[in-house]
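I'd like to ask some things about the structure below.
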Amino acid sequence: MSAAKKSDLGVTPLSEDVSAWYNELVFKAELADRGPAKGTMVVRPYGYRIWELLQGELDRRFKETGHENAYFPLFIPESFLKREAEHVEGFAPELAVVTHGGGKELDEPLVVRPTSETVIGEMYSRWISSYRDLPVKINAWNNVVRWELRPRIFLRTTEFLWQEGHTAHATEAEAMEETLTMFGVYDEVARDVAAIPMVTGEKTPSERFAGAVRTYTIEGMMRDGKALQSGTSHYLGQNFAKAFDITFQDEANALQHVHTTSWGMSTRMIGGVILAHGDDAGLVLPPRLAPIQIVIVPIGRDEQGEATRARARELAAELEAAGVRVHVDDRDASPGFRFNDWELKGVPLRVELGPRDLEAGHVLVAHRVGEVDDKGRPVKQAVAMDAVAATLPGWLDAYHDALLERARAFRDEHTATVDDWEAFAAQVAVGFAHAFHCGDEACEDEIKSRTTATPRCIPTEGPEEEGACVHCARPSAYGKRVVFSRAY
RNA sequence: CGGGAUGUAGCGCAGCUUGGUUAGCGCGCCUCGUUCGGGACGAGGAGGUCGGCGGUUCGAAUCCGCCCAUCCCGACCA
């Protein structure tokens, strides 16, 4: 196999061209495909399974924190959007508007929801009249449309899937508590499910959700040092309550506006998983989101092949009984091809079962990410056949921890505290920079035009301190350093 | 919308400069046979409005014009 020929297989190395790597990987790993209309995507079964697993993890936690699912309509009267001034202004450029229906021009155009604050606000105003009706805690799983000028599969498509939680509360304190609780849920899911260590914090005013009083974000670092906003939780104050007249009578019979929150995580998170963990060989999936956690590759042909395939199916049944998502790859392809194929698809553990293993009464297990030999191939560990079902589930958990640790180390290596402009510019070119900022939007804009970096958040972690703005030297705002980086 | 590039088989490309039989190559796909511990091999086969429209010409994938689409880099963004 010549070098030239080999490069036709697999994907462009991540280390060579992140953008090409990402695109090729999405297609070759059969995660998704481009839809016929610009900016749309088809999520293929392998990619959709990842989404289902993420949904399951989120949905369970939403229910545990007292939320119920409901569904709100795709079409929103255009006038609704206009009721909240900042909200319209924020979303106007990216709206898809339906002007015709049933062959006739509509009296009032319908907006395809870019998010549902407005319809939900309208409905809440109908449903809420007393403090006894509060809180209302609803989540919706749906699709939304935001017209994108530069689409990228999973990261930025015109239509995407997500969940949007919407709650209404009697007091600011309660609504803030809700906002932070869901913020914590996102951080937890990112860490414990997706194995991505997030930088958490509050958005600066310029990066805030249109119509929010406060926006909290989890920001993950991708393999190219760029940040990916992966989930946001907003305290909306009484902005939408006032725009949609969501009022209730309190215990003292006084009429008050509710305080609302909203929070969302989307299929963008799948892009985050790809970009946070992937490597030159392809996808690296965290076990809790992996459609296939363990693949068993039987080796050999004729009678030997029959024997290893039969044993592989037995092992698969045992692993399945132990709660593992397992697949037997008995395709009529060479072992080498199958190994590479599952590595491209990011399966955490591969079990090899050949005639020699059958003889020896063990299997060989290779980790997708782990120790490698001098040829760069995974070091394979022998596991006694009858210990497989008892051993490997624990290895999946350890593997999750190892991925998380690897991502954390990578992030920390690409994060620095900087105090002068030169260091700042150099740092945002490779990762995250903790720096003082004056808080002025014009100054943010200048930083952006000079470096393409933006303030990602005012981090939850980190000491309270003051200093001179890294760009204009004016006194810092926020009482803390701000995290700046390039972002998706 | 501004800047750059590209449209030829499912994917990746050559051919175009200098117009000329039947438009090629690699991968993938189908059939048969051999093959199974890191991307196997042989033989046979299917698959094309050369992005679209118009022009020049005896003749256009190739030259000219217009249009369309896609990708990359910016402005907007989960």
Side-chain angles (χ1 to χ4, degrees), chain A residues 1-2 4-12 17 19-20 23-24 27-28 33-34 36-39 89-95 114-115 143-152 154-164 186 203 206-207 209-210 215 217-220 228-234 262-272 281-282 297-306 308-309 330-344 350-360 363-364 366 372-373 375-378 380 445 448-449 452 454 487-488:
Chain A
M1 173 86 20
S2 71
K5 207 169 172 190
K6 185 150 193 165
S7 69
D8 278 354
L9 300 159
V11 289
T12 299
D17 182 343
S19 194
N23 284 323
E24 290 171 26
F27 300 139
K28 288 199 174 179
D33 207 342
R34 270 193 266 278
K38 183 182 165 78
E89 201 187 317
F91 282 106
E94 38 184 341
L95 293 180
T115 178
N143 57 338
V144 288
V145 167
R146 299 180 186 177
W147 216 255
E148 285 297 342
L149 305 174
R150 280 194 57 201
R152 294 202 71 186
F154 290 124
L155 299 173
R156 234 180 3 239
T157 46
T158 286
E159 178 193 3
F160 59 89
L161 303 180
W162 74 344
Q163 56 68 217
E164 45 178 325
Y186 289 149
K203 285 291 189 189
S206 66
E207 297 279 325
F209 174 75
T215 288
T217 179
I218 58 172
E219 303 275 332
L228 183 76
Q229 179 175 310
S230 307
T232 47
S233 185
H234 317 288
S262 68
W263 26 274
M265 183 177 273
S266 74
T267 40
R268 169 181 259 195
M269 188 69 185
I270 298 173
V297 181
I299 296 161
R301 54 188 303 275
D302 302 329
E303 294 81 20
Q304 285 189 324
E306 261 320 307
T308 57
R309 281 195 291 275
D330 57 4
R331 284 179 297 177
D332 182 22
S334 72
F337 178 89
R338 287 179 285 166
F339 296 167
N340 281 285
D341 196 39
W342 293 112
E343 283 168 8
L344 176 79
R350 180 180 69 243
V351 169
E352 300 177 16
L353 176 52
R356 295 202 295 273
D357 303 312
L358 209 53
E359 182 100 3
V363 296
L364 294 181
V372 292
D373 62 21
K375 274 181 276 185
R377 300 258 155 73
K380 300 170 189 180
D445 287 347
K448 183 171 187 182
S449 63
T452 79
T454 49
Y488 276 96

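These numbers come from a predicted model, not from an experiment. In the text below, chain A, chain B and the rest are named by the order of the sequence lines, each starting its count at 1.
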Check your understanding: When the P atoms of B:rG26 and B:rU22 are considered, how many whole Å apart are they?
Key -> 23 Å

Review point. Taking the side chain as C-beta and beyond, is there a heavy-atom pair between A:I299 and A:T308 under 4.5 Å?
Key: no

Review point. Quick one: does A:S266 reach the base of B:rA78 with a side-chain donor-acceptor pair under 3.5 Å?
Key: yes

Check your understanding: Atom CD in A:E219, atom CG in A:L228: separation rounded to 0.5 Å?
Key -> 7.5 Å

Check your understanding: At under 4.0 Å between heavy atoms, what does A:P335 touch on the DNA or RNA strands: base, sugar-phosphate, or nothing?
Key -> base

Exercise for review: Compare the minimum distances between each of B:rG38, B:rA78, B:rG39 and the side chain of A:T157, then state the nucleotide with the smallest one.
Suggested key: B:rA78

Check your understanding: More 5' along RNA chain B: A:G336 or A:A487, using each one's nearest nucleotide?
Key -> A:G336

Check your understanding: Base, sugar-phosphate, or nothing: which does A:G264 touch, judged by heavy atoms less than 4.0 Å apart?
Key -> nothing

Practice item. Determine the contact category for A:E164: base if any of its heavy atoms lies under 4.0 Å from a base atom, sugar-phosphate if only primed atoms, P, OP1 or OP2 are that close, otherwise nothing. Key: nothing

Practice item. Can you figure out which of B:rG38, B:rA75, B:rA78 approaches the side chain of A:K448 most closely? Key: B:rA75

Practice item. Would you mind telling me which residue lines up with the more 5' stretch of RNA chain B, A:L344 or A:R301, judged by nearest nucleotide? Key: A:R301

Revision key, fill the gap. Salt bridge (Lys or Arg N to Asp or Glu O under 4.0 Å) filter on A:E207, not counting sequence neighbours, yields A:R456

Exercise for review: Look at all strands and tell whether A:K375 reaches a base, only sugar-phosphate, or nothing, counting heavy atoms closer than 4.0 Å.
Suggested key: nothing

Exercise for review: Using a cut-off of strictly less than 4.0 Å, decide whether A:S334 has a side-chain nitrogen or oxygen near OP1 or OP2 of B:rA40.
Suggested key: yes

**Study point:** Listed nucleotide nearest any side-chain atom of A:E94, set B:rA78, B:rG38, B:rC77
**Key:** B:rC77

**Study point:** Distance, P atom - from B:rG42 to B:rC27, rounded to whole angstrom
**Key:** 9 Å

Check your understanding: Which part of the nucleic acid, if any, lies within contact of A:P378, taking any heavy atom under 4.0 Å across all strands shown: a base, the sugar-phosphate backbone alone, or nothing?
Key -> base

Practice item. Examine the base of B:rG39 for any acceptor or donor lying under 3.5 Å from a partner atom in the side chain of A:E343, and report the outcome as yes or no. Key: no

Check your understanding: Can you tell me how far P in B:rC11 sits from the matching atom in B:rG48, rounded to whole Å?
Key -> 13 Å

Protein-nucleotides 71-74 of chain B N/O pairs under 3.5 Å:
from, atom 1, to, atom 2, distance (Å)
B:rC73, OP2, A:R150, NH2, 2.2
B:rG74, OP2, A:R150, NH1, 3.3

Would you tabulate the nitrogen or oxygen pairs shorter than 3.5 Å linking the protein to nucleotides 29-32 of chain B?
none

Review point. Do we count A:W162 as stacking onto B:rA78 if the rule is ring centres under 5.5 Å and planes under 30°?
Key: no

Point to revise | Whole-angstrom distance between B:rC68 and B:rG52, as gauged at atom C1' | key: 7 Å

Review point. Is A:R350 side chain donor-acceptor paired with the B:rG38 base, going by distance under 3.5 Å alone?
Key: yes

Practice item. Give a yes/no answer on whether the side chain of A:R268 brings an N or O atom under 4.0 Å of OP1 or OP2 in B:rA78. Key: no

